[in-house]
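Each ligand, and each atom within it, is numbered from 1 in the order the structure gives. Quick caveat: nothing in here was measured; it's all calculated off a predicted structure.
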Amino acid sequence: MARGNGSVSELQQERRKFKPVLPAILQAGAGSVKAKLGKATKSVADQEKVKEIFDHTYGLPEAAFAKGANPAAKKKAVKVAVVLSGGQAPGGHNVIAGLFDGLKKANPKNTLIGYLGGPSGILENKFKTITKDMLDNYRNTGGFDFIQSGRTKIETPEQFETAKKNLVENKINALVFVGGDDSNTNAALIAEYAKKENIALCVVGVPKTIDGDLKNEHIETSFGFDTATKIYAELVGNICRDVNSAQKYWHFVRLMGRSASHITLEVGFKTQPNIVLIGEEVLEKKMTLAQIVDGIADVVIKRAQQGKNFGVALVPEGLIEFVPEMKELISALNDVLAENASEIAAMNSTEEKKTFVFQNLPQHLSALMKSLPAGIASQLMLDRDPHGNVQVSLIETEKLLTEMVHKKLSELKKEGKYSGKFSAIMHFFGYEGRCGIPSNFDANYTYALGYNAAVLALNNLTGYLSSVKNLIKPAKQWACGGIPLTMMMNIERRHGKEKPVIKKALVDLNGRPFKEFVKNRDKWAMSESYIFPGPIQYFGPASVTDMTTQTLQYEQKAGKR
Ligand code: FBP
């Protein structure tokens, strides 16, 4: 096919024509959907503290949508604003498309604006009014480039005041915040602020993050996880095949996912490499860096004994934060960096900063920091993100581990305990997966989440996260509703202070996905039972176009096998 437009691929042109399947319950539009409210809820932990902070929005009931006339749904035209917050995830544009279509179906006079560049767009009052023509170019596409994203956190009294001024002046009735755990925490704070200040603003969240860690019994997965893991799995599968063809290298692949190891586990299922490290297990077993290295070296040696000086190892990017000694170091570093922020910012060289930090850390942690390769020590000191997180995507854990494994094997060689060859190649796959063209699953899921957010907003259900469930069933059968944001909160230490945050869902070591992995890992270690999943398929038999993640399959069918 000839390119009608030099900047759009043939696939993208075809993809624009894809019509997401809307859950049956949403098909008749907001006026025919009633919200059934359940019992009052409480936060997952630290109830008293969370309640104190969310005085007006704590304890809201769960909302489930059911068919039925709903005269209460807003008939008068409303103006809704959407903001994309945090890291990109495939399907963001379809959230906007679903939201837009849901609003227009309810009343063609409803309008949607998109704040530009993430939450900072609200503060700087930068937005665009979304029209059908504009949006049609972005349906079923990856990326957040339609309105861009950002990590600004609205937290100071001045910022709340500015946000209020701009939202009120723009006559915004509802704000839809598309984000991960931190961004949706921010959405909850804005919902609370609006109630406290008596502003007629409904705030609705949408669960986004490739990391897959924004989930619970009502949010079965966050959007983007499906597509991102398929993209990483294609790349890892290709590496497995290369490894098995040349049989001369070990490949160490670090995969994104910030803290939780869901991405690594899922890519492990999809490709069956020789080593898959899971951060949560490291924490549970209180493994030191040396023990992790011993474990890797053990597999390398055993394979070498069979003449196999090759293999593939997956390393979650958050691993470093789970190693107890590193966790202690990072937490102490967070405090030193937060407490002395302006002093450190004024220093000119990394060396000066390091010396300062070494002096201000407890002695044993200063010694640990000094024992790390210089590059890693510097990476640990990089600025935290606006939510207080260490930027693990910038810490080259795969290099740290390969260096240490290399050293260990050299020592064993000198002692005559190892005679293989260890030649390692390192990779980091993160940004490659965040803006891919959404899989059918993510295209349908994000469209439904956006449409559902419109229904929540039209029912004035503020402080809720858009919830679409039963995801292993066909999209038509998905169940829809809203989950109170405060229900997912606990208190954590960020930037040296206690803050309410949505609790991250880490890999559950008692859950079926992890147990399935444990059953198989020894076999994967010694054999070449690699799977080569290939690229995402958008056209063809449903068995390849519509499959959901293994994680979701295991979790949702957990009790049923
Ligand atoms: P969100 O939690 O905002 O969805 O971001 C996820 C993520 O992709 C992590 O996997 C990664 O560690 C981080 O963003 C990288 O952040 P940045 O885009 O700021 O480099």
Side-chain angles (χ1 to χ4, degrees), residues 83-93 95 117-120 142-145 147-154 177-188 205-215 219 221-232 235 253-267 279-280 314-322 330 379-380 382-398 427-436 438 442 445-446 449 465-466 485 488 492 494 501-507 551:
V83 63
L84 301 177
S85 180
Q88 287 69 252
H93 292 151
V95 173
S120 65
F144 280 8
D145 43 325
I147 56 170
Q148 299 95 38
S149 184
R151 289 199 185 277
T152 300
K153 184 178 182 189
I154 299 177
F177 227 85
V178 182
D181 48 346
D182 288 330
S183 305
N184 275 300
T185 299
N186 212 187
V206 174
K208 168 236 66 170
T209 179
I210 60 160
D211 299 353
D213 58 3
L214 176 49
K215 64 175 170 182
I219 306 295
T221 187
S222 53
F223 80 76
F225 179 71
D226 184 85
T227 309
T229 51
K230 283 175 176 155
I231 294 173
Y232 300 139
L235 299 173
V253 185
R254 173 167 52 108
L255 289 166
M256 239 185 201
R258 206 193 293 279
S259 306
S261 305
H262 299 294
I263 290 182
T264 299
L265 187 56
E266 175 65 25
V267 175
E280 290 80 345
L314 302 186
V315 181
E317 69 172 4
L319 182 84
I320 192 114
E321 280 194 284
F322 283 113
I330 289 170
Q379 287 158 8
L380 284 173
L382 290 170
D383 286 344
R384 276 38 185 164
D385 78 3
H387 297 272
N389 301 302
V390 180
Q391 300 196 55
V392 279
S393 62
L394 306 179
I395 302 176
E396 295 168 310
T397 316
E398 74 285 17
H427 312 261
F428 169 48
F429 297 148
Y431 299 95
E432 293 82 349
R434 299 199 312 181
C435 283
D442 269 330
Y445 183 41
T446 46
L449 284 170
L465 190 62
S466 179
L485 285 161
M488 296 174 254
E492 288 176 21
R494 298 286 178 94
V501 269
I502 290 179
K503 194 172 176 357
K504 271 189 204 307
L506 300 177
V507 169
T551 306

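Ion pairing between a basic and an acidic side chain is recognised when a charged N comes within 4.0 Å of a carboxylate O; D182 and R494 show such pairing.
Residues that satisfy the side-chain contact (heavy atoms from CB on, under 4.5 Å) test with S120, not counting sequence neighbours, are E124, T152.
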Under 3.5 Å: N or O atoms of ligand 1 paired with protein N or O:
from     : atom 1 : to   : atom 2 : distance (Å)
ligand 1 : 2 (O)  : T209 : OG1    : 3.4
ligand 1 : 3 (O)  : G87  : N      : 2.8
ligand 1 : 3 (O)  : R151 : NH1    : 3.0
ligand 1 : 3 (O)  : K208 : NZ     : 3.2
ligand 1 : 4 (O)  : K208 : NZ     : 3.1
ligand 1 : 4 (O)  : T209 : OG1    : 2.9
ligand 1 : 5 (O)  : R151 : NH2    : 3.1
ligand 1 : 8 (O)  : R434 : NH1    : 2.9
ligand 1 : 10 (O) : D211 : OD1    : 2.6
ligand 1 : 10 (O) : D211 : OD2    : 3.4
ligand 1 : 10 (O) : G257 : N      : 3.3
ligand 1 : 10 (O) : E317 : OE2    : 3.4
ligand 1 : 12 (O) : E317 : OE2    : 2.5
ligand 1 : 14 (O) : R151 : NH2    : 2.9
ligand 1 : 14 (O) : R434 : NH1    : 3.2
ligand 1 : 16 (O) : R151 : NH2    : 3.0
ligand 1 : 18 (O) : R434 : NH1    : 3.0
ligand 1 : 18 (O) : R434 : NH2    : 3.0
ligand 1 : 19 (O) : R151 : NE     : 2.9
ligand 1 : 20 (O) : Y431 : OH     : 2.5

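Closest non-hydrogen pair, G86 versus S149, comes out as O-OG, 2.6 Å. Considering every non-hydrogen atom in both I502 and T185, the closest pair reads N-OG1, 2.9 Å.
Note: F428 and Y431 have perpendicular aromatic rings, judged against thresholds of 30 and 60 degrees for the angle between ring planes.
Atom CG of D226 sits about 5.0 Å away from atom CG of D442, to the nearest 0.5 Å.
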